[in-house]
Amino acid sequence: MKYIGIPKNFLWGASTSAFQVEGGYKENGKGLSIADIRSFRNSETRLDTKETVDGYHLWKKDISLMKDLGMKSYRFSISWPRVFPNGDEEKPNKEGLQYYHNLINELKRNNIEPIVTMYHFDQPYGLIKKYGGWVSRESINDFVKYAKCLFDEFGNDIKYWLTINEQAVLVVANDMLGISQDLPIKEKFQKAFQANYNMWLAQAIVYKICRERFPDTKIGPAISYITTLPASKKSIDMMEAKNFEDFYSFSQMDVAIHGEIPKQFTNELDKLGIDIKTELNDKEILQKGRANILGVNWYCTTIVEAVKDSKQSDFIFKRMKRVQDKNLLYTEWGWNFDPVGFRYGLRQVMDHYGNIPIIVSECGWSEKEKLENGKVHDLQRIKYLNDHIEQMGLAMNDGVNVISFNPWSFIDILSAGDGMEKRYGLVFVDRNNFEKKQLKRYKKDSFFFYKNVIKDNN
Ligand code: BG6
């Protein structure tokens with residue numbers, strides 16, 4: 001199957017993250033992360049991060065599957081607490097670094113381009129205990145130290161860095177930042193938006209360092225891009241859809257690309273009475289440290305309608321509510337199938353940022369799945385991939401500069417929100433929430449489909 005708009009040198013890949021795929025949660029000096037701690041709270045009811053699908057030991061086997069699939073890129077994350085177990089050590093954990101040297105070397109030997117995320121939901125828990133994690137400005141130095149260490153170790157091998165995964169998700173689901181959920185809502189948001197601000201500064205510093213040291217390297221954030229559509233053609237629904245999308249997704253991209261916090265974002269925080277602690281030269285830090293690539297995580301569209309009788313002085317989350325479109329198919333977890341929304345979203349990114357290179361760093365369909373005689377017939381995932389690739393190609397034909405597509409996920413992983421039952425992989429792992437079994441890997445039907453896509457479009 002050939003698609004319009006996708007050039008030959010395109011980086012066809014797939015995606016995972018450390019805490020979801022590795023396991024080995026305290027091996028060779030690894031410290032605990034907030035992702036570990038959160039998952040342990042649910043150990044009774046679903047799989048936690050201790051073993052997951054054991055990528056920490058089975059990485060070589062997994063890379064041979066990637067090779068078989070024909071992958072040209074692999075988007076994965078480095079576990080921050082494998083490198084700095086508590087986050088505040090002066091020297092990194094050599095064994096932790098060695099694991100990633102082995103992984104990266106093996107990828108390169110197989111001509112698979114590593115696309116590396118620095119921080120995917122797994123800040124060292126030590127930093128949260130010490131000073132509240134990202135809520136404190138101190139975390140900026142610890143993140144910059146970690147990024148510098150990654151540049152020292154891997155800078156010559158990595159052409160594509162993604163700094164922070166889905167910062168907007170961290171702010172909304174701020175338990176992932178270690179913020180106590182017992183606090184009143186306003187206090188939670190006060191802390192979460194301060195953390196958001198500190199993450200912006202930290203990344204700006206890291207972008208600057210990277211671009212000075214490695215001028216040919218691309219670096220940027222991995223954005224949770226929720227393309228937001230109005231439930232009706234009423235202008236108020238359209239307005240609130242735009243308000244939400246700008247606030248949630250485009251503010252993140254604007255800061256990374258333009259180095260400025262949009263006024264609309266600040267207006268919304270004012271409505272909540274949130275007061276961000278800033279310092280004199282912060283504006284300059286943001287201006288001087290800009291991303292030169294965007295990672296876009298895209299799953300589905302969100303359809304919103306304005307809340308009746310809400311006032312413009314209410315915070316955005318109070319002025320709109322999500323609704324379902326009965327004509328669209330939804331996963332069991334409420335994520336819709338709306339591939340044209342993907343093309344539309346990519347076009348919007350181009351409208352904002354011109355020909356900035358885009359890595360689609362996630363895009364995927366989840367299902368509960370069973371192995372039947374060694375096979376998984378994941379037909380809806382095949383349809384999802386086909387239709388989204390087709391729409392991405394059309395967007396590229398319209399001029400959008402996508403350079404790489406990395407569906408979520410290469411292999412079944414521990415879902416961030418829902419344990420092992422919610423599967424995304426092209427490769428099935430024979431384990432469930434409570435039985436580890438042999439962790440044997442099986443190629444799903446989508447694996448064979450995607451393999452042909454890569455072959456036919458090269
Ligand atoms: C993205 C995350 O938000 O969505 C992934 O970057 C996550 O880590 C994915 O797995 C899907 O979410 P969930 O909760 O279904 O695993």
Side-chain angles (χ1 to χ4, degrees), residues 1-15 72-73 75 115 117 160 162 165-169 218-230 238 241-242 244-258 262 290-304 325 328 335-365 381 383-409 424 450 453-454 457:
M1 172 76 176
K2 263 207 152 315
Y3 297 92
I4 287 178
I6 308 182
K8 275 203 172 336
N9 58 352
F10 190 71
L11 291 174
W12 293 101
S15 196
K72 309 282 176 242
S73 62
R75 185 259 179 162
I115 298 172
T117 313
Y160 304 103
L162 299 174
N165 183 67
E166 297 195 344
Q167 187 171 323
V169 166
K218 300 281 183 212
I219 186 162
I223 300 290
S224 161
Y225 178 22
I226 302 189
T227 302
T228 309
L229 307 175
M238 294 175 77
K242 181 171 172 51
F244 173 72
E245 190 179 66
D246 284 355
F247 179 75
Y248 180 86
S249 294
F250 281 109
S251 61
Q252 296 290 342
M253 297 188 243
D254 278 2
V255 174
I257 307 292
H258 295 323
R290 316 265 194 98
N292 55 4
I293 199 162
L294 273 179
V296 170
N297 292 359
W298 200 97
Y299 285 84
C300 56
T301 52
T302 282
I303 302 158
V304 304
D325 178 344
L328 294 178
W335 303 32
N336 72 26
F337 176 82
D338 193 3
V340 178
F342 187 35
R343 177 183 180 190
Y344 183 78
L346 289 171
R347 284 275 295 276
Q348 294 222 80
V349 176
M350 178 173 74
D351 290 348
H352 282 248
Y353 313 109
N355 74 341
I356 182 104
I358 295 170
I359 289 175
V360 177
S361 29
E362 292 181 28
C363 184
W365 184 258
R381 181 167 301 108
K383 182 153 176 51
Y384 182 95
L385 284 173
N386 177 64
D387 293 11
H388 283 74
I389 293 169
E390 190 173 46
Q391 292 299 323
M392 176 181 72
L394 289 172
M396 291 168 73
N397 202 38
D398 300 333
V400 182
N401 186 16
V402 183
I403 61 162
S404 178
F405 178 70
N406 300 273
W408 186 264
S409 47
Y424 284 94
Y450 193 47
V453 168
I454 299 176
N457 289 274

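FYI, the numbering just counts along the sequence from 1.
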Margin query: For the backbone of Thr227 and the side chain of Tyr344, can you confirm whether one donor and one acceptor N or O come within less than 3.5 Å of each other?
Written below: no

Next item on the list: Mind checking the NE2-OG spacing from His352 to Ser249? Nearest 0.5 Å is all I need.
Entry: 10.0 Å

Check: Between the side chain of Ser404 and the main-chain N/O of Leu11, is any donor-acceptor distance below 3.5 Å?
Finding: yes

Check: Do Lys383 and Asp387 sit within salt-bridge range, that is, some charged N less than 4.0 Å from a carboxylate O?
Finding: yes

Check: Distance from Met253 atom CE to Ile356 atom CD1, nearest 0.5 Å?
Finding: 11.0 Å

Checklist line | Note, Ile359 side chain near Asn406 side chain (heavy atom, < 4.5 Å) | finding: yes

Notebook entry, point to check: With no hydrogens and no angle check, do the side chains of Thr301 and Asn336 hold a donor and an acceptor under 3.5 Å apart?
Noted result: yes

Margin query: Do Leu385 and Val453 make a side-chain contact, defined as non-hydrogen atoms from C-beta onward lying under 4.5 Å apart?
Written below: no

Next item on the list: Return the minimal non-hydrogen interatomic distance between Ile219 and Asn292, and the atom names on each side.
Entry: N-OD1, 2.7 Å

Notebook entry, point to check: How about Phe405 and Ile454: do any of their side-chain heavy atoms sit closer than 4.5 Å?
Noted result: no

Checklist line | Gap between atom CD of Glu390 and atom CD1 of Ile6 - 0.5 Å precision | finding: 9.5 Å

Notebook entry, point to check: Of Phe337, Tyr384, Trp335, which is the lone residue that meets ring pair (Phe, Tyr, Trp, His ring centres under 6.0 Å) with Tyr299?
Noted result: Trp335

Margin query: Test of understanding: with salt bridge (Lys or Arg N to Asp or Glu O under 4.0 Å), list the residues that count as partners of Glu362, not counting sequence neighbours.
Written below: Arg75

Next item on the list: Just jot down the ring pair (Phe, Tyr, Trp, His ring centres under 6.0 Å) partners of Tyr160, sequence neighbours excluded, or say none.
Entry: none

Checklist line | Donor-acceptor contact below 3.5 Å, side chain Glu245 vs main chain Thr228 | finding: yes

Note to self: Quick one: does any side-chain atom of Asn457 pair with a main-chain N or O of Tyr3 as donor and acceptor, under 3.5 Å?
What the structure shows: yes

Note to self: Once ring pair (Phe, Tyr, Trp, His ring centres under 6.0 Å) is applied, do any residues pair with Phe10, and if so which ones, sequence neighbours excluded?
What the structure shows: Trp12

Next item on the list: Tell me, yes or no, whether the heavy-atom count around Met238 atom CE, taken from other residues, nucleotides or ligands under 6.0 Å, exceeds 12.
Entry: no

Notebook entry, point to check: Would a 4.5 Å heavy-atom cut-off, applied to side chains only, mark Pro262 and Asp246 as touching?
Noted result: no

Note to self: Under the criterion ring pair (Phe, Tyr, Trp, His ring centres under 6.0 Å), I'd like the reasoning laid out for His388 against Trp298: C-alpha separation, chi angles, the key distance, then a yes or no.
What the structure shows: CA-CA 10 Å; His388 283 74; Trp298 200 97; 5.6 Å; yes

Item checked: Between Tyr225 and Phe250, ring centroids under 6.0 Å -> yes

Margin query: When you compare the side chains of Asn297 and Ser361, does any donor N or O come within less than 3.5 Å of an acceptor on the partner?
Written below: yes

Next item on the list: Measure the spacing between CD of Gln348 and NZ of Lys242 and express it to the nearest 0.5 Å.
Entry: 7.5 Å

Note to self: Test your reading of the model: is there a side-chain donor-acceptor pair from Asn355 to the backbone of Asn401, 3.5 Å cut-off?
What the structure shows: no

Check: In Å and rounded to the nearest 0.5 Å, what is the CD1 to NZ distance from Ile115 to Lys218?
Finding: 13.0 Å

